[in-house]
Amino acid sequence: MSGIPQIHLLPPQVANQIAAGEVVERPASVIKELLENSLDAGCTELDIDIEQGGVALIRVRDNGHGIRQEELGLALSRHATSKITELSDLQAIHSLGFRGEALASIASVARVNLSSRFRQAQQGFHLNLGGHSPLRPPEPVSHPIGTSIEVRDLFYNTPARRKFLRTEKTEWNHIQEVVRRIGLSRFDLRVRLNYQNKLALLLRTAGNETDKLQRLSSVCGIEFAQQVLSVSSQQNGLSLTGWVAQPTFSRAQPDMQYFFVNGRVIRDKVITHALRQAYEDVLYGGRHPAYVLYLHIDPHQVDVNVHPTKHEVRFAQGRWVHDFLWHSVQEHLARTSPGKNAVTPANPIKLKPSHTSPPQVTEAMGAMYGAAQSPAVTSTVSAMPAAADLLQNTPLLPSIPQSAAPALQTTSSIEAEPANMPPLGYALAQLHGVYILAQNTQGLIMVDMHAAHERVTYERLKQAYEQNSLECQTLLVPLSIAVSTHEADAAEQHAEIFTQLGLQLERLSLNTLLLREVPSLLSKGSLEQLVRDVVSDICRFGDSHRLQAQMHEMLATMACHASVRAHRQLSVQEMNALLRDMEASERSNQCNHGRPTWVQLDMSALDGLFLRGR
């Protein structure tokens, strides 16, 4: 039966090209493998040259320990590695590379020149491999300690692969991303990246926190570096360090998320979910957090041999890792309030004074609050009338002693004791019933009063709920609420959820609910709309298990209804009470949707608006 194919061994060249299909996806894949080999060789300096998006040339030079003369040919062989010797070594991988496939795969689809000098050798040696030419013995060459490898004409012998490459610009962008990741993985590494013989990126070694943040600025942008919070947490052999961006620096795409496990950049669903959950109280809509984090874990507890590209890992105790990450990041984000030092950006990098004209500054400030455009600052600011003219509703917050809340005519006393000035200072006035203007030692504070009060109320509701200590108030006259039959059914079916939320609700008829009791914090809010929104949440979330998981979102709904509305006039005492509560509340730098609750304009920024000192 001559027509039936016979089983046979693949030629080594074909086998390597098949392996290259898994390892060498594009020029950036080549860069990744070469750089990881250099790091495993103990280098502290990397010089990278790229031409034509990496298709024409990729050259990597390092100052690592080099390769012995007799091992140069072996380095280009398949399944040749210095990093493991037996199966048990796979249970605790300490190196970035270990599979022994990269160089052989690259050499099967490109022309490769390898030069290296071993640290104990007197000279270097060179090896050339390309096409189907036989491998010749290494030849002596002048070379410093370390290794240089050139990869030219990528996919020259596999045109089907080459035609699937993207544009030169796209491939170059992928290469830059790989180099950025390497730069973030090792701060003791000096990296120089050249493109078409021009310097594209230079990362100097970073030994202290200031230098590290400078590198963070070079890789992720200065705005990111100025809005990060330092993270440091240890527990039961797990260590998490790095930086997370404040929620106000959220992204439309998850394009600034760098996570390293024992120095290896990875993508993992467990990690992504844990970090997303840590941000759940401070991000809105489809926004994504930004972070650069480093997890150190016992190598026996993580399997990096999941995929040939080594981007994925598997944890022996995934739930343990998930909860550690979630708790660590959530704890640091909880400190984002003006009353705590942790809110101060970790970044000491100073921007040059802005010379932006006043209308442009105003527009930029408006953008921070989600407005498409803000008008120029021409609004009038007036002092607050007496509280008796104003307090037609229940006071926003408990009043504080008059001595702790100076009025407009006593601002001189504020300046007299700057050492005792609270972080958000003292209220001066209210702007259009929306913003609170306050003075602190640095200059002017502007507070979005609804957003700030919503966060304060939400944190109080969460704390009371978690401690099972929601104080409730019985309504003198029960409130009758008309709803649909479907909504009434849902409310009746999940009555225990309303009870947990401090709402005593009964079904009066087919389409009517009766509200008898509410949490004291919400007693003066829009109760009918509050009940409607909570019922809507229950219908949306469905079963009890999901309701419990989404309880914080329901508490956030309640907090929104209990918060002071725009255009409500507040007394100076009420405004100061809100400022003090912001300083005492966790996460009060952002509202429940991740937007800023306050901004600071220091005196230099104010002087710049009026061109003072020019």
Side-chain angles (χ1 to χ4, degrees), residues 17-39 46-61 96 101-103 105-112 149-185 191-203 215-224 250-260 264-268 272 286-288 290-292 307-312:
Q17 288 179 339
I18 293 175
E22 296 179 335
V23 177
V24 186
E25 178 186 359
R26 62 193 336 146
S29 307
V30 176
I31 285 287
K32 173 185 178 295
E33 299 294 342
L34 298 183
L35 296 185
E36 288 182 350
N37 280 345
S38 294
L39 294 183
L46 278 173
D47 290 278
I48 308 161
D49 294 281
I50 305 295
E51 292 181 9
Q52 295 180 22
V55 175
L57 172 68
I58 295 173
R59 181 190 296 119
V60 174
R61 292 169 289 185
L96 296 175
E101 295 176 308
L103 290 182
S105 299
I106 294 169
S108 70
V109 293
R111 307 182 196 278
V112 175
I149 185 166
E150 287 186 356
V151 178
R152 294 183 179 273
D153 299 331
L154 185 62
F155 299 137
Y156 78 98
N157 56 356
T158 53
R161 296 285 307 282
R162 191 162 186 167
K163 73 178 183 181
F164 282 101
L165 293 179
R166 302 301 181 186
T167 64
E168 179 179 328
K169 181 180 179 181
T170 298
E171 299 300 338
W172 166 234
N173 288 337
H174 282 287
I175 289 173
Q176 291 182 88
E177 179 63 16
V178 170
V179 176
R180 284 194 289 264
R181 291 173 181 172
I182 291 294
L184 289 175
S185 72
V191 181
R192 181 188 295 271
L193 175 63
N194 299 314
Y195 189 66
Q196 305 292 103
N197 295 318
K198 294 182 179 179
L199 180 64
L201 178 66
L202 176 61
L203 300 177
R215 174 171 290 197
L216 203 66
S217 173
S218 299
V219 174
C220 301
I222 194 168
E223 186 180 1
F224 172 80
S250 61
R251 310 281 291 179
Q253 302 293 332
D255 57 349
M256 202 168 286
Q257 299 179 350
Y258 298 96
F259 197 93
F260 301 84
R264 182 193 309 277
V265 63
I266 62 98
R267 296 188 298 264
D268 183 85
T272 301
R287 306 295 292 181
H288 297 270
Y291 48 79
V292 177
H307 191 274
T309 61
K310 302 181 290 291
H311 277 309
E312 301 175 11

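Predicted, not measured: the structure shown is a model, and the values here were computed from it.
- Closest approach of Arg152 and Ala110 over heavy atoms only: O-CB, 3.5 Å.
- Sorted by first then second residue, the salt bridge (Lys or Arg N to Asp or Glu O under 4.0 Å) pairs that include residues 171-184, not counting sequence neighbours, are Arg26-Glu171, Glu177-Arg180, Glu177-Arg181.
- With values rounded to the nearest 0.5 angstrom, Leu154 atom CG is found 11.5 Å from Arg111 atom CZ.
- Counting heavy atoms from C-beta on, the side chains of Arg192 and Leu199 come closer than 4.5 Å.
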Run Asp47 and Arg61 through salt bridge (charged side-chain N to carboxylate O under 4.0 Å, His left out) and show every step you take.
CA-CA 5 Å; Asp47 290 278; Arg61 292 169 289 185; 5.0 Å; no
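- With rounding to the nearest 0.5 Å, the separation of CD1 in Ile106 from CD1 in Ile31 is 9.0 Å.
- For Glu223, the side chain to side chain donor-acceptor pair (under 3.5 Å) criterion is met by no residue, not counting sequence neighbours.
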Derivation of the side chain to side chain contact (heavy atoms under 4.5 Å, CB included) call for Ile50 and Ile58
CA-CA 5 Å; Ile50 305 295; Ile58 295 173; 4.1 Å; yes
Evaluation steps, side chain to side chain contact (heavy atoms under 4.5 Å, CB included), between Leu34 and Val151:
CA-CA 10 Å; Leu34 298 183; Val151 178; 4.0 Å; yes
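- Of all the heavy atoms in Asn157 and Val109, the pair that sits closest is OD1-CA, 3.4 Å.
- For the pair Val24 and Ser29, the tightest heavy-atom approach, listed with the atom from each and the gap, is CA-CB, 3.9 Å.
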With side chain to side chain contact (heavy atoms under 4.5 Å, CB included) as the test, would you mind laying out the steps for Asn37 and Leu103 before giving the verdict?
CA-CA 9 Å; Asn37 280 345; Leu103 290 182; 3.9 Å; yes
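- Leu193 CG to Ile175 CD1: the interatomic distance, rounded to the nearest 0.5 Å, is 8.0 Å.
- Interatomic distance, OG1 of Thr167 versus CG of Asn173, reported as 8.0 Å (0.5 Å rounding).
- When all heavy atoms of Ala252 and His288 are compared, the pair lying nearest together is O-CD2, 3.3 Å.
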May I have the step-by-step check of side chain to side chain contact (heavy atoms under 4.5 Å, CB included) for Leu35 and Ile48, ending in yes or no?
CA-CA 9 Å; Leu35 296 185; Ile48 308 161; 3.8 Å; yes
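- Here the closest non-hydrogen pair linking Ala107 and Val112 is CA-CG2, 3.6 Å.
- Counting only distance, with no hydrogens or angles, the side chain of Gln196 and the backbone of Gln52 share a donor-acceptor pair below 3.5 Å.
- The two residues Gly183 and Arg215 have their closest heavy-atom pair at O-NH1, 2.8 Å.
- For the pair Phe224 and Leu216, the minimum side-chain heavy-atom distance is below 4.5 Å.
- Ring geometry for Trp172 against Tyr195 counts as parallel: the plane angle stays under 30°, on a 0 to 90° scale with 60° as the upper cut.
- Counting non-hydrogen atoms of neighbouring residues, nucleotides and ligands closer than 6.0 angstrom, the CZ atom of Arg162 exceeds 12 such neighbours.
- Contacts of Tyr258 classified as ring-ring contact (aromatic ring centres under 6.0 Å, His included), with partners at least two apart in sequence or in another chain: none.
- Proximity of Val191 to Leu201: side-chain heavy atoms (C-beta onward) are nowhere separated by under 4.5 Å.
- Distance CG/Leu165 to CZ/Phe155: 5.5 Å, rounded to 0.5 Å.
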